[in-house]
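Following: one structure in structure tokens, then a few remarks.
Owing to the predicted nature of the structure, the values given are computational and were not obtained by experimental measurement. Just so you know, residue 1 is the first one in the sequence shown, and it goes up from there. These values consider heavy atoms only, across backbone and side chains, with no hydrogens, waters or symmetry-generated copies.
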Amino acid sequence: MFGDPVTNPKGWEVEKLGDIAKIQIGPFGTQLHKEDYIEGGVPLINPTHIVGNEIRPDNNLTISKDKYLELSEYHLKVGDIVMGRRGEMGRCTVITENENGWVCGTGSLYIRPNKTGVFSDYINRLISGSTIKAWLESESQGATLPNLNKKIVSNIKVPVPSDDTLERFSEIIIKIERIRDVITSCSNEPLFQSVSQRAFRGKL
């Protein structure tokens, strides 16, 4: 629907991600120690908790209310994109009401677009797509374990679609989520992937 983000066949204006979003690396190890972790507190989101565009928190890897208040800079908001910065590139998802107020973990970063709503969904899909993933892998630091920093993520080039295109994108997302609910009940993920692709190509 949007075309390749590198060749930008639609001719949209291109912005650096750092110019259209706040990018915040998770807390340093000096701010969050092993002894700060408790069971049943406020969840932390690290890369291992981002699975298939969903967040699956670990109830044993949480922090107390006092520690939570100390880490206010890392509180996640609805519309933020939380992204793993170590290991597998492009592992990210959008924060919903369910995760609002959770904490960006040490191994993650968050992206807070100047515009939220459907624009957050667009950025999330752009970053998790094969083209940007390949670029991140080539730019990532660390010989044995790829590691992203703020500068690399800020330099991601983002074609900014028109409002009309984003509105159509939003309509497709809603349609796909309805289809997902039906197909998931049948446990048929390959069918869902096929239908999703047809939706984005305008064949549904």
Side-chain angles (χ1 to χ4, degrees), residues 1-5 17 20-26 43-59 61 74-113 115-137 140 146 148 152-153 156 158-159 161 165-166 168-201 204:
M1 180 178 182
F2 298 105
D4 184 272
L17 185 57
I20 58 174
K22 174 184 178 180
I23 298 167
Q24 177 65 57
I25 301 291
L44 289 164
I45 306 304
N46 279 314
T48 55
H49 305 134
I50 306 171
V51 182
N53 202 38
E54 295 181 354
I55 294 178
R56 300 179 185 176
D58 182 349
N59 193 49
L61 192 67
Y74 309 101
H75 294 181
L76 297 166
K77 298 181 179 180
V78 174
D80 288 351
I81 299 123
V82 62
M83 178 181 183
R85 64 185 188 89
R86 297 172 181 164
E88 180 186 347
M89 296 292 99
R91 185 184 292 188
C92 56
T93 192
V94 179
I95 296 299
T96 68
E97 288 286 355
N98 185 58
E99 302 90 24
N100 187 35
W102 291 4
V103 180
C104 179
T106 301
S108 301
L109 60 84
Y110 70 78
I111 300 162
R112 182 169 292 160
K115 298 188 296 183
T116 53
V118 65
F119 194 64
S120 292
D121 289 323
Y122 167 66
I123 296 295
N124 180 62
R125 289 175 183 270
L126 180 80
I127 293 172
S128 60
S130 58
T131 301
I132 299 300
K133 284 174 68 174
W135 183 83
L136 290 172
E137 287 168 358
S140 61
L148 296 176
I152 293 172
V153 177
I156 294 175
V158 179
T165 302
L166 287 172
R168 284 190 284 116
F169 173 64
S170 178
E171 292 169 355
I172 290 173
I173 293 296
I174 292 170
K175 182 184 293 185
I176 286 176
E177 290 305 318
R178 289 172 180 164
I179 293 170
R180 179 194 292 273
D181 290 342
V182 174
I183 294 179
T184 299
S185 66
C186 303
S187 299
N188 196 329
E189 182 65 21
L191 176 59
F192 171 72
Q193 295 296 336
S194 174
V195 172
S196 297
Q197 291 301 317
R198 291 178 61 195
F200 280 113
R201 290 197 299 265
L204 283 183

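The shortest side-chain heavy-atom distance between Val82 and Trp102 does not fall under the 4.5 Å cut-off. For the pair Ile123 and Phe119, the minimum side-chain heavy-atom distance is below 4.5 Å. Residues Leu17 and Ile127 form a side-chain contact, since some pair of their non-hydrogen atoms from C-beta on lies under 4.5 Å apart. Val158 is listed as a side-chain neighbour of Tyr122, based on a closest heavy-atom distance under 4.5 Å.
The side chain to side chain contact (heavy atoms under 4.5 Å, CB included) test applied to Glu97 returns Val78, Asn100, not counting sequence neighbours. Scanning for side-chain hydrogen bond (donor to acceptor under 3.5 Å, both in side chains) contacts around Arg112 gives Asp80, with sequence neighbours left out. In this view, Asn124 and Asn53 satisfy the side-chain hydrogen bond (donor to acceptor under 3.5 Å, both in side chains) rule, not counting sequence neighbours. Scored by the side-chain hydrogen bond (donor to acceptor under 3.5 Å, both in side chains) test, Gln24 finds no partners at all (sequence neighbours excluded). Residues passing the side chain to side chain contact (heavy atoms under 4.5 Å, CB included) test with Ile25, sequence neighbours excluded: Arg85, Leu109, Lys150. In terms of the side-chain hydrogen bond (donor to acceptor under 3.5 Å, both in side chains) criterion, Lys77 has no residue partners (sequence neighbours excluded).
In this structure, Cys104 SG and His75 NE2 are separated by 11.0 Å, a value rounded to the nearest 0.5 Å. If you take CZ on Arg91 and OG1 on Thr48, they are separated by 7.0 Å, rounding to the nearest 0.5 Å. Atoms CD and CG, from Glu54 and Asn98 in turn, are 10.5 Å apart once rounded to the nearest 0.5 Å. Note that CD1 of Ile111 is 11.5 Å distant from CD1 of Ile95, once rounded to the nearest 0.5 Å. Here CD1 of Ile55 is found 7.0 Å from CG of Leu76. Values are rounded to the nearest 0.5 Å.
Between Ser128 and Lys133, the shortest heavy-atom contact is O-CD, 3.1 Å. What you find for Leu148 and Ile152 is that their closest heavy atoms are CD2-CG2, 3.9 Å. Gly79 approaches Pro113 most closely through the heavy-atom pair O-CD, 3.8 Å.
Here the rule is side chain to side chain contact (heavy atoms under 4.5 Å, CB included) with Met83, and of Leu136, Ile50, Thr93 only Leu136 fits it.
Judged by distance alone, with hydrogens and angles left aside, the side-chain atoms of Asp58 form no donor-acceptor pair with the main-chain N or O of His49 at under 3.5 Å.
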* Give the C-alpha distance, both sets of side-chain angles, the deciding distance and a yes or no for side-chain contact (heavy atoms from CB on, under 4.5 Å) between Lys22 and Tyr110. => CA-CA 8 Å; Lys22 174 184 178 180; Tyr110 70 78; 3.4 Å; yes
* **Check against side chain to side chain donor-acceptor pair (under 3.5 Å), Glu99 and Thr96** => CA-CA 6 Å; Glu99 302 90 24; Thr96 68; 2.6 Å; yes
